[in-house]
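Okay, so here's the structure we're looking at.
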Amino acid sequence: MPDYEAPLSDIRFALEHLVDLAGLSKRPGFEHADPDTVFGLLDEFGRFVGEVLAPLDRIGDTVGSKFDPDTHEVTTPPGWPDAYRKYVDAGWGSVSFPAEHGGGGFPWLVTIAMQEMLTASNMAWSLCPLLTQGAIDMLLHHGSEEQQETYLRRMVSAEWTGTMNLTEPQAGSDVGALTTRATPTDDGTWRISGQKIFITYGEQDMTDNIVHLVLARTPDAPPGTRGISCFIVPKFLVNDDGSLGAHNGVTCIGIEHKMGIHASPTCTLEYDDAVGYLIGGEPNEGMRQMFTMMNTARLSVGLSGLAVGELAYQQALDYAGERHQGRAVGAAAGVSSPIIEHADVRRMLLTMRSTVEAMRGLVYANAEAIDLARHGDDEGARTAASELGDLLTPVTKAWCTDMGTEIASLAVQIHGGMGFIEETGIAQRYRDIRIAAIYEGTNGIQAMDLVGRKLPMRAGGVVSDFLDRLAAAGAELTTGCDEYVAAVDALRDTTTQLLTNAAADPNNALAAATPYLRMFGIVAGGWVMARQAIAAQRLAVDDPQREPKLTTARFYLEQLLPQVHGLRAAATAGSAALFALSPDQLRSTR
Ligand SMILES: Cc1cc2nc3c(=O)[nH]c(=O)nc-3n(C[C@H](O)[C@H](O)[C@H](O)COP(=O)(O)OP(=O)(O)OC[C@H]3O[C@@H](n4cnc5c(N)ncnc54)[C@H](O)[C@@H]3O)c2cc1C
């Protein structure tokens, strides 16, 4: 099985031509993040993940994490803790966090490029630092000075990990249904009791401490999401001098047996009068606080579609070069051809590669918007970037994870029967990525967020600005221009019609949400590929990037983008057909 090779030249192309890393590095605070420094750092990180994490990916899948019901401890696969120590020692976890907390102060865009390589090399391992980054983000925005002092430095250094505890058996997508209780005490701390399920890296053997961020309800809290508060609940209490104290009242009582990411322990955690610290000092602020870190967390999950898609492409490409079957058109008689010479295999490979490139451009544009929302020139620029980030996030999360799953499926297909056999390793890509469409808000919930919350932003002004930006990007396009213009027009018309339908009956918008998000994602991918084609056209004729980038852009614009017209009917049909049958009639096939 081939190892992962970080696609450094493609990442560099995206950072130079599809987003403006050079422009970002001229902004106050980012001067040290000049492109040469960033590319040097990415080179080094690519080597690290290739040498340390990629070789553990297979053993992670076959051995998995183990739970001991007597000690309630979790043992990660062989090599996991050692790799984690190397990650901490090299300081990789801290690159984009503020210098005052021990971070490197790089743009989020750089972290995202690193995360692409981290996730591709070993998705199950990567989830531990990714969850920690989400928890850091939360504490950076909402933690008190004392809370930041106690926890942040050791989380930024990755010495301690973080978890996010939302889900309970009766509260999945409906977070507002959670019942974990928080009771105040005289000393200002709280006691947390309840059960959380599916907590990623809720228990592990890689660090001395784990900082759980736990959603719970205080007494007299209003019902639903308005009555949720967020607490810091460390596995080990932290003494005033920073040393570790007693084990807190949180116990892992089991881990799940999953379809994929076997090495990532998905834990059931029992909180029994555990000491908790209210984040920000005010109760009932938990959902608002969660929302501030939602964009970065959802972007990281969307990115996993890109990362696993890239790895699946690399593996399928290698296999297609090695496997000989049949005689390709024009090949010499009596010799079988490598399957890469067959048109249908080429079609699958081009679909994979061009979609991966479109996803990379979209994910990086989303990260750039997050940076500009924090570091833009003035209030107007920051607001515009923040709106763009808000609009793109559900699309990036849902479209990229759906595409990642489809690409992994194509990679299995290219392997033929061996794709279904575990020893080639390609089945793991499919099993691992399948979860990404489910966690961090299912893709159905993302679609509802897009049509229900994001399209109405600024009375439709935000989506309208984005559509204008898409239209403008086509001006210099020579390849696939007609297809691009038609697709952007179709998205604009569908958006208008959907908003009209929604005004008549909100269920119309909810019924349309998923096909509409798919349309949006495909067209946003087209926007990336239009700019890729224009940038590639400007490269020197002998530049090795020129031909491949032009070809994948052309393939995407001419052959994948027109799919949007087929989705239009579903995105504008309304909900009548979906509810025409009663649940009993739906069961009538049995
Ligand atoms: C491997 C793994 C790791 C996880 N890690 C974490 C973690 O670290 N922390 C954490 O808190 N949670 C975690 N989760 C939980 C995850 O976020 C939830 O599984 C997810 O939010 C979906 O909730 P659910 O499973 O209850 O599905 P449900 O909410 O029951 O959804 C079932 C189906 O119904 C749909 N649906 C639900 N409500 C609506 C609605 N109103 N309108 C339309 N459709 C709807 C959904 O889209 C879905 O298709 C993890 C889960 C897994 C499997």
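Here the structure is a predicted model, which means the values were calculated and not measured. Order of listing sets the numbers, starting from 1, for every ligand and every atom in it.
- Salt bridge status for Arg518 with Glu406: present, with a side-chain N to carboxylate O gap under 4.0 Å.
- At a distance under 4.0 Å, a protein heavy atom can be found next to atom 3 (C) of ligand 1.
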Would Thr76 and Gln204 count as a side chain to side chain donor-acceptor pair (under 3.5 Å) here? Give the steps.
CA-CA 7 Å; Thr76 53; Gln204 39 84 357; over 6 Å; no
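- Side-chain contact between Lys196 and Val214: present, with at least one pair of heavy atoms (C-beta onward) separated by less than 4.5 Å.
- Within a 4.0 Å radius of atom 35 (C) of ligand 1, the protein contributes no heavy atom.
- The pair Arg429-Asp57 meets the salt-bridge criterion, since a charged nitrogen lies less than 4.0 angstrom from a carboxylate oxygen.
- Using a distance-only test at 3.5 Å, with no hydrogens or angles considered, no donor-acceptor pair links the side chain of Lys454 to the main chain of Val395.
- Remark: Arg360 engages Glu310 in a salt bridge, criterion side-chain N to carboxylate O under 4.0 Å.
- Contacts between Glu256 and ligand 1 below 4.0 angstrom, taking non-hydrogen atoms only, are absent altogether.
- Remark: of the listed residues Trp125, Tyr201, Trp160, Trp125 is the sole one forming a ring pair (Phe, Tyr, Trp, His ring centres under 6.0 Å) with Tyr84.
- Of all protein heavy atoms, the one lying nearest to atom 18 (C) of ligand 1 is Thr167 OG1, 4.3 Å.
- Residue Ser173 holds the heavy atom nearest to atom 28 (P) of ligand 1 of all those in Gly172, Ala171, Ser173.
- Considering backbone and side-chain atoms together, Met164 places an N or O closer than 3.5 Å to an N or O of ligand 1.
- Looking at ligand 1, you'll find an N or O of Thr200 within less than 3.5 Å of one of its N or O atoms.
- Of all atoms in ligand 1, numbered sequentially from 1 with element shown, those under 4.0 Å from a heavy atom of Thr442 are 22 (C), 46 (C), 47 (O).
- Given atom 53 (C) of ligand 1, the protein heavy atom at minimum distance is Ile435 CD1, 3.3 Å.
- Atom 39 (C) of ligand 1 has as its closest protein heavy atom Ile445 CD1, 4.0 Å.
- In summary, the atoms of ligand 1 found under 4.0 Å from a heavy atom of Leu166, numbered by their order in the structure, are 10 (C), 11 (O).
- Between Asp61 and Arg431 there is a salt bridge, since a side-chain N of the basic residue sits under 4.0 Å from a carboxylate O of the acidic one.
- In Glu159, the CD atom is crowded: over 12 heavy atoms of neighbouring residues, nucleotides or ligands sit closer than 6.0 Å.
- Within a 4.0 Å radius of atom 30 (O) of ligand 1, the protein has no heavy atom.
- With salt bridges taken as basic N to acidic carboxylate O contacts below 4.0 Å, one links Arg458 and Glu387.
- Atoms of ligand 1 lying under 4.0 Å from any heavy atom of Lys258, numbered from 1 in the order shown and given with element: 1 (C).
- Scanning the protein for heavy atoms near atom 13 (C) of ligand 1, the closest one is Phe198 O, 3.1 Å.
- Thr189 and Arg191 are linked by a side-chain donor-acceptor pair at a separation below 3.5 angstrom, with hydrogens and angles left out of the test.
- Using a 4.0 Å cut-off to heavy atoms of Ile438, the atoms of ligand 1 that qualify are 20 (C).
- There is a protein heavy atom closer than 4.0 angstrom to atom 11 (O) of ligand 1.
- In terms of polar-atom proximity, defined here as any N/O pair under 3.5 Å, Thr266 makes no such contact with ligand 1.
- Protein heavy atom nearest atom 40 (C) of ligand 1, with residue, atom name and distance: Met448 CE, 4.0 Å.
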